[in-house]
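A, B, ... follow the sequence lines: proteins, then strands. Residue 1 opens every chain.
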Amino acid sequence: MRSGLLLGAIVLAIALTFWQPFRRIRSVLGVDHLVSTGHAFLALGYLLGLILGERTAPLSEDELSPVVAFAAGWVGFATGMRFDWQVLRTIPRRAFVLALWPAVAGAVVIGVACAGLLVFAQVASPEWCVAALVLAGAAATSGPTLVASVRARRAGRASHARPVLRLLEFAAGVDDLVVILIALVAFAIFRAEPAGLGVWPLLGAALGGGAALGAVTWLFLGGRAKEDERLLLGLAMLAFTAGFASWLYFSPVGIGAVAAITLVNLPGRRMDRLVATVRRVERPAVVILMIVIGVELTGRITWLFFPLLACMTLLRLVAKYVVGRLVAGSVDGEAGLRASPSWGLGLVPQGIFGMMVALSLFQVWQTDLSRTVLAAVAAASVLNELLGPWLLLRLLRGLSPARADEAPQGPVEGAR
Amino acid sequence: MSSILERLLYRALPLAIAFGLLLALRWTGAGVAGAGPQSTTIAIGFILIAAFVGGKLAVHFKLPRITGYLAVGLAVGPEVTGFLSKDMLLGAKAVEGIAVALIALTAGGEIRLDWVRKQAKRLVLITFSELLVVAGGVFAVVMLTRSILPFMPAHDLVKGLVIAGVFASVAVANSPTVTIAVIADNRAEGPVARTVLGVTIFKDVVVIVLFAVMLTVARRVLGQGGGESLALTLTRELGGSFLAGIAVGIGISLFLKHVARDTPVFVLTVCLGIWQIATAFHLETLLIALTAGFWVENFSSAKGEALIKAIERVSLPVYALFFAAAGAKVDLGMLATLWPFALLLAGARAVCVWAGTALGTRLCGAEPVVRRYAWYGFISQAGVTLALSTLVARAFPGWGGEIQAVIIAMIAIHEFLGPVGFQYALRRAGEIGKAARLGEHAEPESGQPAPTSERVG
C-alpha cells in the first residue's frame with residue numbers, strides 16, 4: 001500500500017516535472033526553475049529511496065560509486081572550464097574582489113558557526129573540521145540559473161536591472177572558485193591521518209594530479225579527431241580524472257575542476273574542441289547525481305540536521321545580505337556592473353555545486369554525520385532556491401532606474 | 001608537423017603519461033590500492049583512453065575500430081599485462097548492462113516493419129538453413145572427433161549425442177552486438193548490412209528457443225530433470241522479454257510525444273531500467289531493448305528517428321567501453337590450453353556458416369553480393385554465446401564446465417576474427433559509408449578548434 005502510494009507520488013512528480021501542460025502550474029508555484037537547476041530530481045530520488053526502503057536494490061553501492069564519482073568529476077570539470085584567464089583578466093580587479101566577498105563571508109560565517117555546533121555536539125576530530133569546511137563551501141556557492149532565467153524575462157531586461165543581474169551572474173560564476181579550494185582542502189584534511197601524510201603534501205598531490213591530467217587532455221586534444229572520437233576522448237579523460245580522485249579519496253569535483261582550469265589556460269584554445277561535448281553530458285550528470293542524493297537522504301540522519309539547516313538558510317542569507325550591503329557601490333557602473341545595497345539577496349539561491357562536494361564526501365565517508373551534512377546542504381539548497389525568486393524580485397523592485405542607466409556594457413558580458 | 005611526430009606527441013606521449021600515473025598509483029599502494037569500487041572509475045577511464053588510441057590505430061591498419069578496442073582491452077587486462085585487475089573491472093558491470101541495452105535499442109530502431117514484411121522469406125530461409133547446417137555440421141564434427149574432445153564421454157553414446165546437441169545449439173549463436181557495432185562504426189548501408197543485421201537478430205530469438213529446448217531435452221534424457229518446464233522457460237524468457245520491451249517502448253513513445261526534454265538522461269535511465277528488469281526477472285536485456293526500439297520505430301507516432309539519431313551520436317564511447325571490457329575478459333589461459341580443439345571446432349563452424357548461408361541465400365534468390373559476402377557477418381560470437389555456455393556449465397556440473405571452457409576459447413577466436421571478416425565483407429560489397437552519404441554528412445577529422453562563442457567565466 002505504502003509502496004503504491006509512493007509510486008503514485010513518483011508518477012505525479014514526473015508528470016509535474018516534465019509534462020508540458022503542467023508548465024503553467026509550475027510557473028504559478030514559482031518552481032519552474034527547479035527543473036532546470038535539477039532540484040526537482042532530488043525529490044524524485046527521495047521518493048525512489050523511500051520505495052526501495054530496506055529492500056535489497058539490485059544496484060548496489062559498489063556499482064553506483066563509479067557512476068557517482070564520474071558524474072561528480074564531470075560537474076567539477078564543467079565548472080572549472082569557466083575560469084579562463086584570458087577572459088577573467090579583462091575584468092577589473094575590484095569587480096572580481098567585490099564578487100568574491102559574499103562567497104568568502106558566507107563560507108567563513110557558516111564554517112565557524114557549523115564548526116562550533118559540531119564541536120559542541122562532540123563530533124570527533126578531524127570529522128567536525130571536514131564537515132564544517134564542506135558546509136562552508138556549500139554556503140559560499142550561489143546558483144546562476146535563476147538569475148539567467150530572470151534576465152530573459154521582462155523584469156530582468158529593464159536597463160536599470162541589467163548591471164545588477166550581470167554582477168549577480170558573474171558572482172555566481174566566480175564563487176565556485178572558493179568551493180573548489182575548500183573542497184580540495186577538506187579532502188586533504190580528511191585523508192591526512194589515514195594516509196600518514198600532512199595536509200600540504202596531499203593538497204599538492206591533488207593540485208598536481210589535477211593539473212597533470214589537464215595537461216594530458218590538452219596533449220590528446222592536439223591531434224586530429226572526429227566529433228564522436230572527441231566525445232570518447234572527453235569521456236575517457238573525465239573518467240580517468242574522476243577515477244584518479246576516487247583512488248586517492250580526493251574530491252572528484254575539485255580534481256575535475258583543477259584539470260579543466262589547467263586545460264582552459266594552456267595555449268592553443270584546445271578546450272574549445274571539448275566544450276560542446278562536456279556541456280552535452282553535464283545535464284545528465286547533474287540529474288544522475290541529484291537522484292542519487294535523493295535516494296541517499298532516506299538513510300539515517302541525526303538531530304544535527306536542523307541546526308545545520310538553520311545555519312545554511314537563515315545565517316547564510318543574513319551573511320550574504322550584510323556583506324553585500326557593506327561592499328555595495330565599490331564598482332558602481334564599472335565594467336557594466338552595479339552592486340545595489342541589497343544585491344546580496346540575489347546570491348541566496350544556492351545552486352548544486354556545493355551539494356556535489358557534500359555528495360563526494362559522503363561517498364568516501366559513508367557515516368551518519370556525512371549523510372546529515374549532505375541532507376542539510378540539499379535541504380538548504382531547495383529552500384534557498386524556493387526563496388530565491390521572491391528575494392530576487394524584491395531586489396529588482398528596489399532598484400533605482402535613474403542611476404542604473406548610467407552603467408555601460410562591460411567585458412563581463414563576454415566572461416559569462 | 002609530420003604525421004609520425006604528431007602521433008607521438010598527441011597519442012603516445014599522453015597515453016604514456018596516463019599509463020605512468022596509473023602505474024604510480026598501483027605501485028605506491030596509495031589510496032584504494034586497486035581494490036573496491038573506487039578503482040573502477042579509473043579503470044574505465046584508462047580503458048577508454050586506450051580504446052581511443054587503439055581505435056585510431058585499427059583504422060590506420062584498415063581494421064574495424066572494435067578490433068582495436070578488443071585488442072587494447074586484452075593488452076591492458078588481467079590476462080596479458082595485468083595492468084587492470086579483475087577487481088577493477090567488476091564495477092563496470094552496470095556500464096556494460098547499459099551498453100548492451102543501448103546497442104539493442106539502436107538495433108531495434110533500425111528495423112522497419114515494412115522491410116521485415118518484404119524480406120520475411122529471405123530472413124526465414126537464411127536463418128533456418130544456416131541454423132540447420134551449422135547445428136548439424138558442428139554436431140557431426142563433435143561426434144566424429146569425440147575420441148579427442150575432452151568433454152565427450154568415451155563409451156556412453158546417448159550421453160555423447162546429448163552433449164553434442166547442447167554444444168551445437170550454443171555454436172549456432174552469433175553476436176548481435178558485434179554486428180550492430182560494425183555496421184554503425186562503418187556507417188554501412190546496403191543489402192549485406194541489412195540482411196546480416198536482420199538474420200542476426202531473428203537468429204538470436206530462434207537460438208534462445210532452440211537452446212531452451214535442447215537444455216530441457218538434455219536434462220530429461222540424462223535424468224537431471226527437476227528444473228522448470230520448457231513451456232514455462234520459454235514463456236518467461238521470451239514472452240516476458242517481449243512484453244517488457246513493448247511496455248518500455250510505449251513508455252519511450254509517451255516520453256517523446258509529451259515531454260521530449262532531457263532525452264539523453266531519459267535514454268540512459270531507460271537502459272539502466274531495462275538491465276535491472278532483466279536481471280531481476282531473468283529476462284533478456286537484448287530482447288527487451290530490441291523490442292522497445294522496434295516498437296518506437298514502427299508503432300509510435302512519436303519521432304523515433306530522433307531518438308535513434310540521438311543515441312547514435314553517443315554510441316562510440318559505449319561500443320568502445322563494451323568491447324574493450326570484453327577484450328579484457330578474454331581468457332587467454334583457456335585458449336592456450338584448448339586451442340587445438342577450439343581451432344578445430346571454430347574451423348568446422350566457419351565452413352558450416354559459409355555452407356548454410358550459401359544455401360539460404362540461393363534458396364531465397366538473394367543478390368549476388370549477399371550470396372558472396374553475407375556469411376562473414378555470422379562468424380562473430382560474444383555475449384549471447386558466453387551466457388548460453390554459462391547456463392550449460394550451471395545446468396551440467398562436470399562436462400558442462402568443460403564445454404564452457406572450449407566455447408570460451410572459441411569466443412576468443414571469433415571475437416577477433418568476426419569483426420575483421422564482417423568489415424571486409426562490407427568493404428567488398430561497397431556498403432561502407434553509404435549510411436553517412438544517404439542520411440547525414442560525414443564529419444571530417446578536425447585538427448583545428450571549432451569556432452564557438454561559448455566561453456564562460
* To do: Could you tell me which portion of B/Ala320 (side chain, backbone, both or neither) has an atom closer than 4.5 angstrom to a non-hydrogen atom of chain A?
  => side chain
* **A/Phe187: ring pair (Phe, Tyr, Trp, His ring centres under 6.0 Å) partners, not counting sequence neighbours** => none
* Structure fact -> Only one of B/Leu21, B/Leu25, B/Thr41 passes side-chain contact (heavy atoms from CB on, under 4.5 Å) with A/Trp247, and that residue is B/Leu25
* Side chain proximity check, B/Ile17 to A/Leu219, heavy atoms < 4.5 angstrom -> yes
* chain B heavy atoms under 4.5 Å from A/Leu213: which part of the residue, side chain, backbone, both or neither? -> side chain
* Option that, when pairs with chain B are counted at under 4.5 Å, heavy atom only, ranks first among A/Phe244, A/Phe220, A/Trp85, A/Phe70 -> A/Phe220
* Asked: Closest approach of A/Ala225 and B/Lys56, non-hydrogen atoms and distance?
  -> CA-NZ, 3.9 Å
* **Check against side-chain contact (heavy atoms from CB on, under 4.5 Å), A/Arg224 and B/Tyr10** => CA-CA 9 Å; A/Arg224 294 168 191 278; B/Tyr10 298 136; over 6 Å; no
* Asked: OH/B/Tyr69 to CG/A/Leu232 distance, rounded to the nearest 0.5 angstrom?
  -> 5.5 Å
* What option among A/Ala239, A/Pro252, A/Ala245, A/Gly209 has the most heavy-atom pairs under 4.5 Å with chain B? -> A/Ala239
* What is the distance from atom CG of A/Leu233 to atom CG of B/Leu48, rounded to the nearest 0.5 Å? -> 10.0 Å
